[in-house]
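What follows is one structure encoded as structure tokens, with my remarks underneath.
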Protein chains: 2
Amino acid sequence: MGQTPASARDIASLRKRLEAYMERNGLRSTTQRRLVTEVFFRSDGHVSIEELLSAVRRHDPRVGYATVYRTLKLLKESGLAHERHFGDGMSRYEVHAEDEHHDHLICTECGRIVEFEEPAIERLQERVARRYGFRLTRHKHELYGVCPPCDRAARGKAT
Amino acid sequence: MGQTPASARDIASLRKRLEAYMERNGLRSTTQRRLVTEVFFRSDGHVSIEELLSAVRRHDPRVGYATVYRTLKLLKESGLAHERHFGDGMSRYEVHAEDEHHDHLICTECGRIVEFEEPAIERLQERVARRYGFRLTRHKHELYGVCPPCDRAARGKAT
DNA sequence: GTCGCTGCAAAACGTTTGCATTTAG
DNA sequence: CTAAATGCAAACGTTTTGCAGCGAC
């Protein structure tokens, strides 16, 4: 599923896309940038800047906040990362695989994030947009609720 | 439609719900609180704190930011307001009519917000949640795109 | 007279930016 | 050598909070 880190083959392709983008824009491949992007590509799920930075710092403790922010901005611009806001106050980032698209189910108890795809919903969205004459560019669809383990725990405690 | 201010009857009911909530919780009905809530109930669409505060200050210039924030927190907690985040960096609030539910189409050019309802999508959401065993509590569904006037303007300029 | 509320200003939060220094090309 | 990238700390915009004084009940 989408929660698992990108495979070796995927990472090679991500690296390649990034290099192409950087070359095209006269950007430089620095030690820190390589480190941050590699850690990001291998991360699973939906990382925050904090999480990313502390993972990066395990390899090189001198890397600063700003570099991580700037590198993720670059990844967004190059289309390799998606920025998400799940209402916990900070941005989270996930690897953007060229083709695939999904939305999210979020557990309000433990913060677990599950990805889902539902083509029927996508089609209906297009219909809604057409109804109002909008040309759709993107969307955000998040379902908030309680995941099975948390729900069991809650029911256990109550009564 | 949902964009228009609540009618006189609605406002009476909102006021009543708020009073009940305040009484239940031993809260006090102050001049500022009444002013902020009245302005909010009469507002149409999706107000930001800034917009709300400046509307409030037209009636009483001494009211401070903190009061508006605190009053909106109260309105959220009492279930009378919904907080929304459309990615422009600040929270927006809308009156939460007991029964009705809708989602949003947002124009990325001019910021226009259109509300929509699509029961078929709601049903599919439930199905997705069931698929993963989640007990759904709420959701966020936003479609971003270009509204008809902006789209026309864009096409006019190009080519 | 309580105790909750207000207004102010200060702090907090995640994020961005200016600048001197380092480093890739 | 030049221009881009780094790391730090300071600035940012939004939201929250501490506190002395005020006002509802």
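Residue numbering restarts at 1 for every chain, and letters A, B, ... go by the order of the sequence lines. Atoms considered below: every heavy atom in the structure, side chains included; atoms not considered: hydrogens, waters and symmetry mates.
- Evaluation of the side chain to side chain donor-acceptor pair (under 3.5 Å) test over residues 25-40 of chain B, restricted to residues two or more places apart or in two chains, returns Arg15(B)-Glu38(B), Ser29(B)-Arg34(B), Glu38(B)-Arg42(B).
- Comparing Thr31(A) and Ser91(B), the nucleotide of DNA chain D nearest to each residue sits closer to the 5' end for Thr31(A).
- Rounding to whole angstrom units, CD of residue Glu51(B) and C1' of dT14(D) are separated by 14 Å.
- Phe40(B) is not listed as a side-chain neighbour of Thr71(B), based on a closest heavy-atom distance of 4.5 Å or more.
- In terms of the side chain to side chain contact (heavy atoms under 4.5 Å, CB included) criterion, residue partners of Ala97(A) (sequence neighbours excluded) are, by chain and number, Asp99(A), Glu100(A).
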Table please: side-chain donor-acceptor pairs of residues 139-150 of chain A below 3.5 Å, with sequence neighbours left out.
residue   : atom : partner   : partner atom : Å
His139(A) : ND1  : Gln125(A) : NE2          : 3.2
His139(A) : NE2  : His101(A) : NE2          : 3.2
His139(A) : NE2  : Asp103(A) : OD1          : 3.3
His139(A) : NE2  : Asp103(A) : OD2          : 3.3
His141(A) : NE2  : Gln125(B) : OE1          : 2.5
Glu142(A) : OE1  : Tyr144(A) : OH           : 2.6

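- A search for ring pair (Phe, Tyr, Trp, His ring centres under 6.0 Å) contacts involving Phe86(B) returns His46(B), His104(B), not counting sequence neighbours.
- Against DNA chain D, the stretch residues 19-29 of chain A makes heavy-atom approaches under 4.0 Å through Leu27(A), Arg28(A).
- Under the side chain to side chain donor-acceptor pair (under 3.5 Å) criterion, Arg127(B) pairs with no residue, sequence neighbours left out.
- Partners of Asp10(A) according to the side chain to side chain donor-acceptor pair (under 3.5 Å) rule, which considers only residues two or more places apart in sequence or in another chain, are Ser7(A).
- Residue Gln32(A) places at least one side-chain N or O closer than 4.0 Å to OP1 or OP2 of dG7(D).
- In this structure, Ile49(B) and Thr30(B) both approach DNA chain D, and ranking their closest nucleotides by distance from the 5' end singles out Ile49(B).
- Residues of residues 53-82 of chain A having a heavy atom closer than 4.0 Å to DNA chain C, listed by number: Ala66(A), Tyr69(A), Arg70(A).
- For residues 49-85 of chain A, the set of pairs meeting the ring pair (Phe, Tyr, Trp, His ring centres under 6.0 Å) definition, not counting sequence neighbours, comprises His82(A)-His96(A).
- In 5' to 3' order, the nucleotides of DNA chain C bounding all contacts with chain A (an atom under 4.0 Å from a heavy atom) are dG14(C) to dG25(C).
- Arg24(A) meets the side chain to side chain contact (heavy atoms under 4.5 Å, CB included) test with Ala20(A), Tyr21(A); sequence neighbours excluded.
- Checked against side chain to side chain donor-acceptor pair (under 3.5 Å), Arg17(B) has the following partners two or more places apart in sequence or in another chain: Glu98(B).
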